[in-house]
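For ligands, and for the atoms within them, numbers begin at 1 and follow the listed sequence. Because the structure is predicted, anything quoted here is derived from the model rather than measured.
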Amino acid sequence: MTDANAIEVAGGVPASTLNRIDLSCSDIQQSVSLLKQACLDSGFFYVINHGISQDLMEDVFVQSRRFFSLPLSEKMKLLRNEKNRGYTPMFDEILDAENQIQGDYKEGYYIGVEVPEDDPDAQKPYSGPNLWPSEDILPRWRQTMEKFHSQALNVAKVVARIIALALDLEADFFDKPEIFSKPIAMLRLLHYEGLLSDPSKGIYGAGAHSDFGFITLLATDDVPGLQICKNKDAKPRAWEDVQPLKGAFIVNLGDMLERWSNCIFRSTLHRVIWNGQERYSIAFFVKPNHDCLIECLPTCMSEENPPKFPPILCQTYLAQRYYDTHADLDVYKKEGA
Ligand code: OGA
Ligand code: NI
């Protein structure tokens, strides 16, 4: 099956202009208003001057390239496990099953919060120790990833404070222990390759989707490919390119925040059209604690606008969404990988 809507874009799509939220800016009201406008308009914005050094941003890309350059047999030794850690080969994920002929033309690597095996929290879904390539093969790899993971989480918490203000909540609303004390924060290295994307044939680097969680921070190299569609319901869908911005994060809102905010803030459809140039990106998916109850925020409901969804536990919501988009792990066993 193919995406009939997307044929329209074959001749090139317009470039999107996204607001830039400067985390070093002392005028918080200005940041709040830029972020709010972005969240109401596109659900996407850039975050600049976020405090992570350029060296570390570059180092993560260097280390990511080193991993993906390993022979497939080495990478398959670190195949994603049931805790959702490790290597995801080409086609492991299918984000838009209705319009894709195969899975996404990308490979990835998931790294979460490191929870030792003997920690009671390791019993929870998506929680446990990470899979790490051996230090002999990729020295300094783990160290770089852990450093980036922890700094990216801090950036996400700063962004969450601005989101809280934009939703007329107290700045520290999301800092509550029951919300973000033990977040499910997943770093995902991505590498796009394979076949040139062709929406008319159902071939995509990443199929159209919105992210599941609270927010996603995305760092890209300078190869374009990310596109957004501001109105999921429009027919045909109109796509816009998001330009890479060196050193910045492209931030987008996830479905969980859309639900939490009673659809006042929207998660936005996006996809990756691969143009044949090597492309690497680094996504950091942020979700609250497992047991956090996603229940209409107090400032997002009124008599005229009652809650649209019943409360749901973060982990219950994620389990469903994850199951819908990833290949069954048994597939690899059957293939003898
Ligand atoms: C994702 C995603 C975009 C990119 O992984 O959810 O949208 O540019 N990635 O890799
Ligand atoms: Ni995404």
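- For Asp59 and Arg140, the salt-bridge test passes: some basic side-chain N is under 4.0 Å from an acidic carboxylate O.
- In this structure a side-chain-to-backbone donor-acceptor pair under 3.5 Å is present from Ser261 to Phe265.
- For Arg271, no heavy-atom contact with ligand 1 is shorter than 4.0 Å.
- Protein heavy atom nearest atom 4 (C) of ligand 1, with residue, atom name and distance: Tyr192 OH, 3.3 Å.
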Run Phe214 and Phe285 through ring pair (Phe, Tyr, Trp, His ring centres under 6.0 Å) and show every step you take.
CA-CA 8 Å; Phe214 181 72; Phe285 301 104; over 10 Å; no

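- Across all their heavy atoms, Phe68 and Tyr109 have their closest contact at CZ-N, 4.1 Å.
- Residue-ligand proximity, Phe285 to ligand 1, at heavy-atom distances under 4.0 Å covers atoms 1 (C), 5 (O), 6 (O).
- Closest to atom 2 (C) of ligand 1, if we only count protein heavy atoms, is His209 NE2, 3.8 Å.
- The N/O atoms of Thr220, backbone and side chain alike, include none that comes under 3.5 Å of an N/O atom in ligand 1.
- By the 4.0 Å N-to-carboxylate-O rule, Arg65 lies too far from Glu278 to be salt-bridged with it.
- Between Arg66 and Pro139, the shortest heavy-atom contact is NH2-CD, 3.2 Å.
- Asp175 and Lys157 are not joined by a salt bridge, as no carboxylate oxygen comes within less than 4.0 angstrom of a charged side-chain nitrogen.
- Residue contacts with ligand 1: Arg279 is included, with a non-hydrogen atom under 4.0 Å away.
- For Trp260 (side chain) and Leu297 (main-chain N/O), no donor-acceptor pair under 3.5 Å exists by modelled atom type.
- Listed by chain and number, His209 NE2, Asp211 OD1, His270 NE2 are the protein N/O/S atoms closer than 2.8 Å to the Ni ion (ligand 2), with waters left out.
- Residues Trp141 and Phe67 bring their aromatic ring centres within 6.0 Å.
- The proximity of Asp211 to ligand 1, defined as any non-hydrogen pair under 4.0 Å, is limited to the side chain.
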